[in-house]
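Beneath this line is the structure, given in structure tokens, with notes to follow.
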Amino acid sequence: MLIKLAEERYRLGMMTTGDAFGVPVDGSNVARLLRGGRRSLKAELAAAYYAKHQAAAPGQALTDALLVLEGKAQNMMPTDVALRIATTDDGEVVLDLGGDDGRAVVIGPAGWQVVTTSPVLFRRTRATLPLPVPVRAVGAMHAGLGRLRQLLNIHDGEWPLVLAWLVSALLADVPHPVLLLRGEQGTAKSTAARLLTSLIDPCASQLRTAPRNVEDWAVAASGSWMTCLDNVSDIPPWLSDAICRAVTGDGLLRRQLFTDSDVSVLAFRRVVAMTSIDPGRLHGDPADRLLVVELARIDEANRAADRSVTAAWRAAHLAVLAGLLDLTTEVLRVLPTIRRRQLPRMADFARVLLAVDQVLDTDGYARYTEQAGQVAEQVVEADSVALAVRDRITFPWQGTAGELLDKLAAERPPKDWPTTPQGMGGRLARAAPALRSLGWSIDAPDRSKRTRVWTITPPSSAPGEPPAQMALMEPPDETPSDQGGRGADDD
């Protein structure tokens, strides 16, 4: 009887993300979890059984019915499910409003509209909260975005960066930069992060503390489309790598509970934000993906109570969302016309930013490229190998990683200094992107050759000068006069 009831209420099928299972026949196109949680298929079947028979469904009967349904679903074609944001085959953006009625917003170059049945299948987690239903209105873009601008402590020059980050967050199939809201105590970093992330993806835990390990990170990040780590004081290497994988597409393979050899998979691409006074040492790979927004300190006379900011946001959320949807429509319309030969590593975001500049007549891309150089300088300052290369190699140089290790050796090397040629080669490869951003030429060795030779050319060197000849001219132990006596062992 329970199996028949489920088949009456759901289109049954096993989804490809987690244990999502079953789509209500009312057309809401929202998958249910097979077990667990208040929105699970098991809970809904129990409630439907009681509504029909005025009695509680037997526990064993529910368990047996779910097992039979799972077995039937295994013989059906799997279906992809999305969380909050998806893209249709026609390239339109779909935003799940998260309500019980299953309504969604479909966004395209021609405009956006609220639909009762989503064209793609969504799932929800316990963290998913509903969005207000937006209403189209003339002039909504400037009015709505203006209200958001009034609630945020962001400089005018970095405002286009924030808007481009929000628009890119609505694009499911592209890598997203990591938004870093940075400022001293009293700059409303947490408030800004909460407003920006809840604009698109309100959830039960809007701001989160830094996870303790990779598994905690994967579980936390997989539960919502946007993840914000609040008050980050240090980014350990494992978290740095995990964040990089999350913005481009991540996966975690682990043992399935209550089994000896079966595995479960968490695979996701997410939008990540962080707040920090000082995130500490920046590594090259995540630094390339950072979008840094500096917040100014707020005077006590202008500081507002958290309760008043929350009330103002609730009143403005609907208009701001409509304004962002209008902006996204305009960006999607002009995006195919954006042509630029040279783009930074986050090329998809750079194109979105260029489109925002064109729509709003701003100059955010110039600020973005300027910021990339500043971040690269911070990466070099935080990396002992990159710092030594910058300070000690003043002429073009060519040699193996072992020869570079000997050349840059110091009497008191830093704690993280590499001790083998392999370690030096790996560290130089990590530092190369940041050094290139500062005008250096770093040519990696050809791995097909037996002797692997690096070529390093400082920004001030004359182009076309033979590296080997210039290396012979280099004073071996002379400290550059503009370094103030700073040695390679200073970190």
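What you see below is based on every heavy atom in this structure, not just the backbone, and it leaves out hydrogens, waters and symmetry mates. Because the structure is predicted, anything quoted here is derived from the model rather than measured.
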For this session: Taking all non-hydrogen atoms of both residues into account, name the closest pair between Val167 and Leu327 and its distance.
Result: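 Of all heavy-atom pairs spanning Val167 and Leu327, the closest is CG2-CD2, 3.8 Å.
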Exercise. With no hydrogens and no angle check, do the side chains of Thr197 and Gln206 hold a donor and an acceptor under 3.5 Å apart?
Worked result: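 Present: a donor and an acceptor within the cut-off.
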For this session: Return yes if a side-chain donor-acceptor contact under 3.5 Å exists between Thr310 and Arg194, otherwise no.
Result: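 Their side chains do not contain a donor-acceptor pair, so the 3.5 Å distance test is not met.
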Exercise. Is the shortest distance from a Lys or Arg side-chain nitrogen in Arg124 or Asp96 to a carboxylate oxygen in the other one below 4.0 Å?
Worked result: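 Looking at Arg124 and Asp96, the cut-off is met.
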Exercise. Under the salt bridge (Lys or Arg N to Asp or Glu O under 4.0 Å) rule, what pairs show up with a residue in residues 196-207, not counting sequence neighbours?
Worked result: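 Only Arg84-Asp201 qualify under salt bridge (Lys or Arg N to Asp or Glu O under 4.0 Å).
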Exercise. Does any pair with a residue in residues 141-170 pass salt bridge (Lys or Arg N to Asp or Glu O under 4.0 Å), and if so which ones, sequence neighbours excluded?
Worked result: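 Every salt bridge (Lys or Arg N to Asp or Glu O under 4.0 Å) pair that includes a residue of residues 141-170, provided the two are not neighbours, is Arg149-Asp156, Glu158-Arg367.
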Residues in salt bridge (charged side-chain N to carboxylate O under 4.0 Å, His left out) with [X], at least two apart?
X: Arg136; answer: none
X: Asp173; answer: none
X: Arg307; answer: none

For this session: State which residues pass ring-ring contact (aromatic ring centres under 6.0 Å, His included) with Phe122; sequence neighbours excluded, sorted by chain then number.
Result: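 ring-ring contact (aromatic ring centres under 6.0 Å, His included) check on Phe122 returns nothing, list empty.
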For this session: Assess whether atom CD of Gln185 is packed by more than 12 heavy atoms of other residues, nucleotides or ligands within 6.0 Å.
Result: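 Atom CD in Gln185 is not packed in, count stays at 12 or less.
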Do [X] and [Y] make a side-chain contact, defined as non-hydrogen atoms from C-beta onward lying under 4.5 Å apart?
X: Trp217; Y: Ser222; answer: no
X: Leu387; Y: Asp391; answer: yes
X: Leu321; Y: Leu318; answer: no

Check side chain to side chain donor-acceptor pair (under 3.5 Å) between [X] and all other residues, then give those that pass, not counting sequence neighbours.
X: Asp363; answer: none
X: Ser437; answer: none
X: Trp112; answer: Asp326
X: Thr191; answer: none

For this session: Please step through side-chain contact (heavy atoms from CB on, under 4.5 Å) for the pair Val380 and Leu438, ending with a clear verdict.
Result: CA-CA 9 Å; Val380 170; Leu438 299 179; 3.7 Å; yes
Exercise. Do side-chain atoms of Arg208 reach the backbone of Leu229 as a donor and acceptor pair under 3.5 angstrom?
Worked result: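 Pair absent, no side-chain N/O of Arg208 close to backbone of Leu229.
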Exercise. Taking Ser118 for the side chain and Leu121 for the main chain, is one N or O donor matched with an acceptor at less than 3.5 Å?
Worked result: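 Not confirmed, Ser118 side chain does not pair with Leu121 backbone.
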For this session: List in chain and number order the residues that pass side chain to side chain contact (heavy atoms under 4.5 Å, CB included) with Ser190, two or more places apart in sequence or in another chain; answer none if no residue qualifies.
Result: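 With sequence neighbours excluded, Ser190 shows a side chain to side chain contact (heavy atoms under 4.5 Å, CB included) to Leu207, Asp230, Asn231, Thr275, given in chain and number order.
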Exercise. Glu294 and Lys189: salt bridge (charged side-chain N to carboxylate O under 4.0 Å, His left out), yes or no, with the steps?
Worked result: CA-CA 9 Å; Glu294 298 281 353; Lys189 299 182 298 295; over 6 Å; no
Exercise. Stepwise, does the salt bridge (charged side-chain N to carboxylate O under 4.0 Å, His left out) test hold for Arg430 with Asp383?
Worked result: CA-CA 10 Å; Arg430 281 182 171 268; Asp383 189 294; over 6 Å; no
For this session: Might you work through the side-chain contact (heavy atoms from CB on, under 4.5 Å) test for Ile107 and Gln113, ending with a clear yes or no?
Result: CA-CA 7 Å; Ile107 315 161; Gln113 61 177 335; over 6 Å; no
For this session: Go through Leu179 and Val293 one step at a time and tell me if the side-chain contact (heavy atoms from CB on, under 4.5 Å) criterion holds.
Result: CA-CA 7 Å; Leu179 177 65; Val293 174; 3.7 Å; yes
Exercise. So which pairs with a foot in residues 160-170 pass side-chain hydrogen bond (donor to acceptor under 3.5 Å, both in side chains), sequence neighbours left out?
Worked result: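 Residue pairs passing side-chain hydrogen bond (donor to acceptor under 3.5 Å, both in side chains), neighbours aside: none found.
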Exercise. Would Trp225 and Cys203 satisfy side-chain contact (heavy atoms from CB on, under 4.5 Å), going step by step from the backbone distance to the final call?
Worked result: CA-CA 9 Å; Trp225 174 242; Cys203 65; over 6 Å; no
